[in-house]
> 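Right, I'll just put the structure down here and ask away after.
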Amino acid sequence: MVRGAELEGYCMDLLGALAGMLRFQYRVKVVGDGQYGAVSAGGNWTGMIGEILRKEADIAVAPLTVTSAREEVVSFTTPFLQTGIGILLRKDTVSQEMSFFHFLSPFSKETWTGLLFAYLLTCCCLFLVARLSPCEWNEPKNEENHFTFLNSLWFGAGALALQGVTPRPQALSVRVVAVVWWLFTLALLAAYIANFTALLSSGSEQLPIQTFEDLVKQRNLEFGTLEGSSTFYFFKNSKNPIHQMIYEYMEKRREHVLVKTYQEAVQRVMDSNYAFIGESISQDLAAARHCNLIRAPEVIGARGFGIATTQASPWTKPLSIAVLKLRELGDLDYLRNKWWESSCLRQSRDRWSPLEPPALGGLFLALGVGLALGVLAALAELSNSSRLTAGHAKKSCCSVFIEEICTRLRIKEKARPSQETSGKANA
């Protein structure tokens with residue numbers, strides 16, 4: 001990058017570190033045609049590769065991708081940066097309007113489905129346990145159970161809103177189910193509020209263009225890459241149908257969508273409805289320095305940046321060893337953080353995403369275990385009550401237990417005639 005009359009950036013710092021380690025002096029020259037290096041129509045190499053071959057330069061230190069075609073004519077050192085091919089976008093060109101149901105965004109569809117299922121299951125357990133427990137419903141023939149199914153639904157909904165509702169559970173089994181549901185809803189609401197706050201504060205929705213397939217399908221943005229770059233030839237040589245569609249699009253409109261320099265590409269993304277396909281590491285740098293830019297999540301075609309030398313150069317191996325030493329000492333990581341880290345980049349890295357069921361799996365498991373304990377406790381209470389009743393009535397404990405279950409699970413309409421008959425007999 002140019003600052004005044006001087007150059008600065010990661011590669012300049014790297015070159016200085018290599019010069020200090022290997023004790024050589026150097027003079028920096030910007031490549032004449034502004035190209036990285038590709039074979040021209042006449043069969044000659046352009047850009048940095050061409051200047052290396054013509055011995056106009058000894059080494060090329062730049063975001064120069066190591067490719068098989070370039071490796072055939074020059075030598076590369078060990079890669080000093082790993083990269084891939086990404087999509088650089090302007091945020092406002094891909095921003096989506098806020099959905100009417102935006103409040104549902106903190107959880108995925110699967111999570112909301114699981115929550116609904118957990119709510120209905122818990123309410124059914126409350127209804128069932130309250131009927132089975134003699135501590136909650138002592139006289140099923142003469143008393144009305146307060147935990148009807150509608151009241152159970154109301155009790156569960158009140159817990160979701162952190163509101164205390166009636167009826168209040170009395171039996172231990174019902175209280176176990178209620179407490180487990182309360183803890184579940186408390187943790188769930190904390191996760192919802194935290195994720196919703198992160199969603200609002202991030203200021204960015206999920207990008208509608210996540211992948212290269214999304215880029216091909218849309219019609220609002222033009223897209224292109226550097227003319228004659230390794231990225232262009234990657235799509236040209238790829239057998240992937242999506243990559244072939246991208247190449248055909250760029251080839252048909254090459255005069256309009258291909259750019260000459262990286263700076264021109266970044267400026268065009270900022271000024272028009274244009275998406276730039278290029279090295280992801282360079283796009284991250286652009287996003288770090290221009291907060292209105294963002295890189296799409298998908299990165300393809302893993303490759304590395306290396307220092308190019310002539311094939312017979314005695315500097316290739318010493319430079320490779322020096323790069324490895326700088327990596328081992330942590331100097332390359334330091335330079336990476338120095339030039340790439342910024343508030344913009346951190347914000348793009350911390351992209352919000354909806355909570356998926358695996359993230360809350362333990363919570364749902366705890367709820368299931370609690371519900372099972374509540375049902376078992378209700379059966380234990382009913383079993384103990386049936387044992388006492390069987391001892392007084394001199395009946396089989398199993399028959400009394402089954403009779404109690406049948407009596408308690410009857411619908412309310414069938415219980416009323418017995419109450420009316422009992423009332424007439426008392427009269």
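Atoms considered below: every heavy atom in the structure, side chains included; atoms not considered: hydrogens, waters and symmetry mates.
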> For the backbone of Thr65 and the side chain of Arg70, can you confirm whether one donor and one acceptor N or O come within less than 3.5 Å of each other?
yes
> If you look at every heavy atom in Cys123 and Ser152, which pair is closest and at what distance?
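It is SG-O, 3.4 Å.
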> With no hydrogens and no angle check, is any side-chain donor or acceptor of Trp340 less than 3.5 Å from a backbone partner on Ile281?
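Pair found, side chain donor or acceptor close to backbone of Ile281.
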> Are any non-hydrogen side-chain atoms of Leu7 and Val30 less than 4.5 angstrom apart?
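Leu7 reaches Val30 side chain to side chain.
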> If we only count heavy atoms from C-beta on, is the Thr122 to Val180 side-chain gap below 4.5 Å?
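Result no, sub-4.5 Å side-chain heavy-atom pair not found.
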> Should Glu251 and Glu248 be marked as a side-chain contact (heavy atoms from CB on, under 4.5 Å) after you check the CA-CA gap, both sets of side-chain angles, and the distance that decides it?
CA-CA 5 Å; Glu251 180 64 27; Glu248 292 171 2; 5.7 Å; no
> So which atom in Val323 and which in Thr78 form the shortest heavy-atom distance, rounded to 0.1 Å?
CG1-O, 3.8 Å
> Does a side-chain heavy-atom distance below 4.5 Å link Arg303 with Val66?
no
> Treating Asn292 as the side-chain partner and Lys91 as the backbone partner, does any N or O pair qualify as donor plus acceptor under 3.5 Å?
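Side chain of Asn292 to backbone of Lys91, a donor-acceptor pair under 3.5 Å: no, none is there.
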> Hey, is the main chain of Ser238 close enough, under 3.5 Å, to the side chain of Gln244 for a donor-acceptor pair?
yes
> Between the side chain of Gln35 and the main-chain N/O of Gly228, is any donor-acceptor distance below 3.5 Å?
no
> Salt bridge or not for Glu264 and Arg268, using N-O below 4.0 Å?
no
> Look at the rings of Phe235 and Phe212 and say which category their plane angle falls in: under 30° parallel, 30 to 60° tilted, over 60° perpendicular.
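Answer is tilted, since the angle falls between 30° and 60°.
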> Between Thr225 (side chain only) and Ile277 (backbone N and O only), is there a donor and an acceptor less than 3.5 Å apart?
yes
> Is Arg90 reaching over with its side chain to a backbone N or O of Ser272, donor-acceptor style, under 3.5 angstrom?
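Such a contact is found between Arg90 side chain and Ser272 backbone.
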> Is any side-chain heavy atom of Val39 closer than 4.5 Å to a side-chain heavy atom of Ile49?
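Side chain of Val39 against side chain of Ile49, heavy atoms only: no contact under 4.5 Å found.
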> Checking Tyr274 side chain against Val257 main chain: does a donor-acceptor pair fall under 3.5 Å?
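Confirmed, Tyr274 side chain pairs with Val257 backbone.
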> Please examine the side chains of Val266 and Tyr262, heavy atoms only from C-beta on, and report whether any two atoms are closer than 4.5 Å.
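Yes, side chains in contact.
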> Does a donor on one side chain sit under 3.5 Å from an acceptor on the other, for Ser40 and Thr46?
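Ser40 vs Thr46: no donor-acceptor pair found between side chains.
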> Under 4.5 Å between any side-chain heavy atoms of Tyr233 and Thr67, yes or no?
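No, their side chains stay 4.5 Å or more apart.
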> Please work out whether the ring planes of Phe234 and His243 are parallel, tilted or perpendicular, with thresholds of 30° and 60°.
tilted
> Classify the angle between the aromatic ring planes of Phe80 and Phe305 as parallel (below 30°), tilted (30 to 60°) or perpendicular (above 60°).
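Answer is tilted, since the angle falls between 30° and 60°.
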> With heavy-atom distances below 4.5 Å as the criterion, would you say the side chains of Leu18 and Leu319 are in contact?
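The answer is yes; the side chains approach within 4.5 Å.
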